[in-house]
Every structure is written in C-alpha cells, then in structure tokens.
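What follows is a short report on a single structure.
On a predicted model such as this, the values are computed, not experimentally measured, just so you know. Hydrogens, waters and symmetry mates play no part in the numbers below; they use all other heavy atoms, side chains included.
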Amino acid sequence: MSVSHFSPDERDPLALAPADCGRGHSCQFCPHESTCSLDKPAHEKHLIESRLGQIGQILLVMANKGGVGKSTVSANVAAGLAARGYRVGVADADIHGPNQSRFFGFAGQRIRLSQEGLSTQAFHAEGIEHPVKVGSLAFMMETDDTPIVWRDAYKHDFMHHLVGSFDWGPLDYLVVDMPPGTGNELITLADMLEGQDVAALLATTPQEVALMDSLKAVRFCQERSLPLLGAVENMSGVVCPHCSGEFHLFPRAHLAEALAEHDIESLAQIPLSPALASGSDSGRPVVIDAPESPEAKAFAPVIDACVDHARAMFAEAAVASLDTLEQGAGSDFDAAIADLPRDQQDELRGQLADLLRQ
C-alpha cells in the first residue's frame, strides 16, 4: 500500500481547518458544533486570548473560607473602581453560590447568546460613567435556588466560558469573585491567566478558624507567584445604633499577628453593618448608594491599593516597552550619526532618549 507524503508547504487535507468562525462564544454553545469542521481547540484558545487582550488588571478576591464576605468585597471594590471612572467587570466564579446577580440587582435575570458571545448584565448608577458588567452562572440557571451538582470537568469548562464566552469588551479591571477553597476553579483560572496582570485580595474575618483557612489562600498565592495586595478584614467591628460607640465581636490580636508574620498588609477593616447587608439584598453596593457612609469610606483604601498596583504594573510595562523601543531605534540612529563627532553623537543620543520618554 502506498503512503501519501505531504511536503511542509502543503496542508494535510485531513487536518482541521484553523480558520476562526467569528463567533464570540464557545463551541459548546454553537448549534453547528456537531457538523463544524473547524479546529475547536484553536477557537477556544483564540476566544480566551482575545478577551484577555482587552482586559487590563484582573483582581481575584480570595479567602479559602466560605461566609467571610468575598462577594461583598468583590461587589463594593468593583463598584468603587467604576465610581472612579474605570471600566469594570465582575466575573462570578463561585459556581455553587453565584451571588453577584443579587449584589447588583439582577436576581432572576437571564442572558442571551449572540454572535458576540454570552451577554453580560450592565449595572447603571448615578455617577458611574461606564456600567459595571456582571457575568454569572446565575444568569443561566432555571431558578436561583437550583443546585449545581458538577464534577471537576464541568467546572473546568465553565471557568473557560466565564472568561472566553462572556462578552466583556474592553475593561480596565475584571474583579473575580472566587469560590471557597483552592480547588479546581482556582487552579484552572490561575493556569488560564498565566502571563496576565493578575493580583489577589484576601478577604477574612477575625475568627481564628476563618484565619486558619484564609492563610491557605496566602500559601497558594506564594507558590504561584501571584501578587497579594493585602487583606480586607470583614466583620471587624460593630457600631452601636444607640450610642454610636464601636466595639469588636471577635478579638483581633491573633489576626494582626498572623498578617504581620506573613508580611501581608491589612488594607481595611470593614464593620459588621446593617447597611452592607441591606445593600447586598437590594442590589445596590454601599459605596455607590452611600459614598460618604463609614462603610463606603472603609473600602476606600482597598480601592486605592488596586489602583496603585495597576498603575505600577502599567509603569513597569511602559518602561520595558520604552527600553525596547530605544534599543530598536538606537541601531538605526547610531548608523545615521556615525560620521559626527563623538560629543555631538552623545548630545543627540540624549535628546533622542528624552524625546522617547516624553
């Protein structure tokens, strides 16, 4: 039997066509999946890369412990960044408890599939130039109380859908509300976001059992070389509605010691407040509805830390790009001025460097 040979310049007719179909969603959502002959893995990879290419800073809100306020921190940090004029999205990665739909007032809402992908819900509020885009599994569930009973393979796929299939558009920040634990969802996202501008916020409460679990998330960040901006201490105090005095339900000394031992900055202490609870239930983050309230002001240092980190990363990337540009321009420039006296060459090189940095 003869064997066909293909030269490197010829395309194997049995290979899948690499052409992109132009659809902004995963093949699993496509009605033509069963008959499509295009390269599906290449399409999925292209989707994720194209989405990430339009996103600046990605913030993972982590805890490793349930019930410590990750969703509250995620929603208010995202809303606070939007209030400062940034384009912000909130990706709800908590598969078993997707709450961001309620935190932004979209409980019971559903989304549609379009050529551009899965639509996000847009949260509008007075004083926000760009609406907060919200993507959540809750928008794809029959009812809000439907349990999600998935094995890891399905969770792995949804993490890819969350980043690649949702139509995020250009964003300055994507805040990811992480589920408890350091399992499949976090590992999948960490692998997918390798090489992107990613940082983490640690949400915790002062109880020792919560801190014990939260420090496991710290270890994960250290092992993955994931920058940890600091800790957000939730439920750290209570303001008396009668005398306005503040007191702490849980002792904080051990928390402060543990953060110092691991060189983690405490960015903010968020009070245990009815205003935060009612804002979550009504779908209006407190930093938007009551920007002068003690609760909103408590979040300000967290938002400052996110902005400062993003600016630092941008400056670092700009310097690296500038150095590359100078090196590339330098070779041609050196050839052009080679016949000039040495002192004039040095003067012109200095002027070129100043011009490039401006």
Query raised in the report: Who are the side chain to side chain contact (heavy atoms under 4.5 Å, CB included) partners of A305, not counting sequence neighbours?
Result: L267
Report summary line: Residues passing the salt bridge (Lys or Arg N to Asp or Glu O under 4.0 Å) test with E261, sequence neighbours excluded, are none
Query raised in the report: Of all residues at least two apart in sequence or in a different chain, which pass the side chain to side chain contact (heavy atoms under 4.5 Å, CB included) check with I95?
Result: L137, I148, W150, K155, F158, M159, E185
Report summary line: side chain to side chain donor-acceptor pair (under 3.5 Å) pairs touching residues 55-71, sequence neighbours excluded, are S71-D177
Query - Residues in ring-ring contact (aromatic ring centres under 6.0 Å, His included) contact with F123, at least two apart in sequence or another chain - result: F104
Query - Cationic N near anionic O, under 4.0 Å, E44 to K40 - result: no
Query raised in the report: In the single-linkage hydrophobic clustering (I, L, V, M, F, W, Y; side-chain heavy atoms under 4.5 Å), do L276 and V175 co-cluster?
Result: yes
Report task. State which residues pass salt bridge (Lys or Arg N to Asp or Glu O under 4.0 Å) with E223; sequence neighbours excluded, sorted by chain then number. Result -> R219
Query raised in the report: By side chain to side chain contact (heavy atoms under 4.5 Å, CB included), which residues pair with A91, not counting sequence neighbours?
Result: L162, W168, L174, V176
Requested in this report: Look at the side-chain heavy atoms of Ile, Leu, Val, Met, Phe, Trp and Tyr, link any pair under 4.5 Å apart, and say whether V198 and L59 land in one connected group.
Outcome: yes
Requested in this report: Could I get the full list of ring-ring contact (aromatic ring centres under 6.0 Å, His included) partners for F103, not counting sequence neighbours?
Outcome: none
Report summary line: With sequence neighbours left out, the residues meeting ring-ring contact (aromatic ring centres under 6.0 Å, His included) with H130 are none
Requested in this report: Answer yes if the ring centres of H25 and F166 are under 6.0 angstrom apart, and no otherwise.
Outcome: no
Query raised in the report: Who pairs with D191 by salt bridge (Lys or Arg N to Asp or Glu O under 4.0 Å), at least two apart in sequence or on another chain?
Result: R224
Report summary line: Sequence neighbours excluded, the answer for side chain to side chain contact (heavy atoms under 4.5 Å, CB included) partners of P227 is A199, H309
Requested in this report: Report the residues that fulfil salt bridge (Lys or Arg N to Asp or Glu O under 4.0 Å) with D281, sequence neighbours left out, ordered by chain and then residue number.
Outcome: none
**Report entry** For D172, the option from R311, R87, K133 that meets salt bridge (Lys or Arg N to Asp or Glu O under 4.0 Å)
**Finding:** R87
Requested in this report: Look at R112 together with D167 and state whether they make a salt bridge at an N to O cut-off of under 4.0 Å.
Outcome: no
